[in-house]
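Step one of this worksheet: look at the structure below.
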Protein chains: 2
Amino acid sequence: MDAIDLKILALLQEDGGLSNADIAERVGLSATPCWRRIRHLEETGVIRRRVALLDRDRLNVGVTVFVNIRTNQHNPEWLARFASAVDDIPEVVEFYRMAGDVDYLLRIVVPDIAAYDGVYKRLIAAIDLYDVSSSFAMEEIKYTTALPLAYVKDRSSTR
Amino acid sequence: MDAIDLKILALLQEDGGLSNADIAERVGLSATPCWRRIRHLEETGVIRRRVALLDRDRLNVGVTVFVNIRTNQHNPEWLARFASAVDDIPEVVEFYRMAGDVDYLLRIVVPDIAAYDGVYKRLIAAIDLYDVSSSFAMEEIKYTTALPLAYVKDRSSTR
DNA sequence: TATGAAACATGTCCTGA
DNA sequence: TCAGGACATGTTTCATA
């Protein structure tokens, strides 16, 4: 992964709609080698996938809720059931196992508080939770899917 | 926005690399009307953008940290400066103003705890914060950019 | 819905370090 | 041997009727 690959990644994580020709021009390559690099980045999994990002408000899910969960069940079977229940709830868009006093953190998107209550009930119906506390976001000030590229290790040799 | 639009959105937010021809076939349209619908969804902002999602581990930012921030400054100028400082820190990928006892919530991605300390220092150097508490994620169990489509209001008439 | 021009993707082959 | 470049072919995009 050299400087040109990084440039390609920077472009594509900002605008996945760029054509190969566009990218080639911007990174100073002709179409073929650029296309080969992109394909290589996809095949080796550096580029995980390409997606369209939709507008939360237009889809009527403008409200974000963070849910802190504590549990007294700390066995793998319970977690597997929990993970699978959460996976089936499309309103849950992020789900982390945490260090510290909170065990799990969920990010949920819904139209309003009433709808959040519906998700909450689905959640506690599916799985036994010890303590659940919800915080509402008033404003989304920044949201990006673009990762920082400053920490990438150079792998020019292992290509 | 009718059922076919929803189907198009569902496909594109899962796989933004699908060609128009692919989508047309899957939603049961011929190429031209399908293409017009996609363009309309882009022009009206329902599709905000297309991006490539990269692999956190491959880019050496496998560690996620949530940062809860409390402040004693509640004026718009301070928030504007805070927002702009955060915008300049690429490690901060999400940033919300919260209701409740925490004022702001950040999600940060870094390679390790040492790197997080660097980001933390940049943050407090840029802006005056009252109370900062960090929680580390041990495991990302679910992360999706796909929004739930179940709450979309039908706008067939207003097309 | 159909047609068609232009742009694009993507394979093969060739060149030079 | 490896990365870039030229070219050829099938596909896709997108305007028009």
Side-chain angles (χ1 to χ4, degrees), chain A residues 1-55 58-59 145-147 149-159, chain B residues 1-55 57-60 145-147 149 154-159:
Chain A
M1 195 138 49
D2 61 7
I4 296 179
D5 281 343
L6 282 181
K7 217 164 163 182
I8 291 172
L9 292 174
L11 288 169
L12 278 178
Q13 73 173 346
E14 288 300 332
D15 185 355
L18 287 172
S19 73
N20 179 59
D22 275 339
I23 297 166
E25 199 198 322
R26 299 208 204 178
V27 302
L29 286 177
S30 63
T32 308
C34 181
W35 175 77
R36 271 197 295 248
R37 278 169 182 267
I38 294 171
R39 197 184 54 172
H40 184 251
L41 291 167
E42 280 166 344
E43 279 168 355
T44 56
V46 178
I47 295 175
R48 282 201 304 122
R49 62 198 305 198
R50 289 153 175 277
V51 298
L53 301 182
L54 309 184
D55 186 274
R58 305 297 298 273
L59 298 183
T145 56
L147 301 175
L149 300 176
Y151 301 105
V152 176
K153 290 170 193 146
D154 198 312
R155 299 257 184 69
S156 314
S157 42
T158 31
R159 283 279 299 284
Chain B
M1 196 138 47
D2 62 6
I4 296 179
D5 281 343
L6 282 181
K7 217 162 163 183
I8 291 172
L9 293 174
L11 288 169
L12 278 178
Q13 72 173 345
E14 289 299 332
D15 184 354
L18 288 171
S19 73
N20 179 58
D22 277 338
I23 297 166
E25 198 199 323
R26 298 210 206 177
V27 302
L29 285 176
S30 60
T32 308
C34 181
W35 173 78
R36 267 199 294 256
R37 276 171 184 266
I38 294 171
R39 200 183 54 167
H40 184 253
L41 290 167
E42 279 166 344
E43 279 169 357
T44 57
V46 178
I47 295 175
R48 283 201 304 123
R49 62 198 306 197
R50 289 154 176 276
V51 298
L53 301 181
L54 309 185
D55 187 275
D57 293 326
R58 305 297 298 274
L59 298 183
N60 193 28
T145 56
L147 300 174
L149 300 176
D154 197 313
R155 297 259 184 67
S156 316
S157 42
T158 32
R159 284 278 298 288

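Side-chain atoms are counted along with the backbone in the values below, which use heavy atoms only and exclude waters and symmetry mates. What you see is a predicted model, and the numbers here were worked out from it, not measured in a lab.
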(request) For each nucleotide in nucleotides 12-17 of chain C, reading 5' to 3', give B when a protein heavy atom comes within less than 4.0 Å of its base, S when such contact involves only the sugar-phosphate, and - otherwise. (result) BB----
(message) Between C1' on D:dC14 and CD on B:E43, what's the gap in Å once rounded to a whole number?
(response)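 That distance rounds to 12 Å.
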(request) Check the distance between D:dT13's P and B:R37's CZ and give it to me in whole angstrom. (result)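 About 17 Å, once rounded to whole Å.
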In chain order, what residues pass the side chain to side chain contact (heavy atoms under 4.5 Å, CB included) check against [X], with sequence neighbours excluded?
| X | answer |
| --- | --- |
| B:D57 | B:D55 |
| A:E14 | A:A146, B:R49 |
| B:T32 | B:R36 |
| B:N20 | B:A31, B:C34, B:W35, B:I38 |

Which atom pairs link the protein and nucleotides 4-7 of chain C when you take only N or O atoms and keep those under 3.5 Å?
none

(request) With sequence neighbours left out, write down each residue that passes salt bridge (charged side-chain N to carboxylate O under 4.0 Å, His left out) with B:R39, or none if nothing qualifies. (result)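 B:E43.
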(request) Please identify each residue that fulfils side-chain hydrogen bond (donor to acceptor under 3.5 Å, both in side chains) with A:R58, with sequence neighbours left out. (result)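 For A:R58 there are no side-chain hydrogen bond (donor to acceptor under 3.5 Å, both in side chains) partners, ignoring immediate neighbours.
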(request) Please identify each residue that fulfils side-chain hydrogen bond (donor to acceptor under 3.5 Å, both in side chains) with B:E25, with sequence neighbours left out. (result)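 Listed in chain order: nothing, the list is empty.
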(message) My understanding is that only one of A:I47, A:V27, A:V46 makes a side-chain contact (heavy atoms from CB on, under 4.5 Å) with A:I8; could you say which?
(response)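 Running side-chain contact (heavy atoms from CB on, under 4.5 Å) over A:I47, A:V27, A:V46 with A:I8 returns exactly one hit, A:V27.
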(request) Please work out which residues in residues 16-29 of chain A have a non-hydrogen atom less than 4.0 Å from an atom of DNA chain C and list them by number. (result)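 Going residue by residue through residues 16-29 of chain A, the ones with a heavy atom under 4.0 Å of DNA chain C turn out to be A:S19, A:N20, A:A21.
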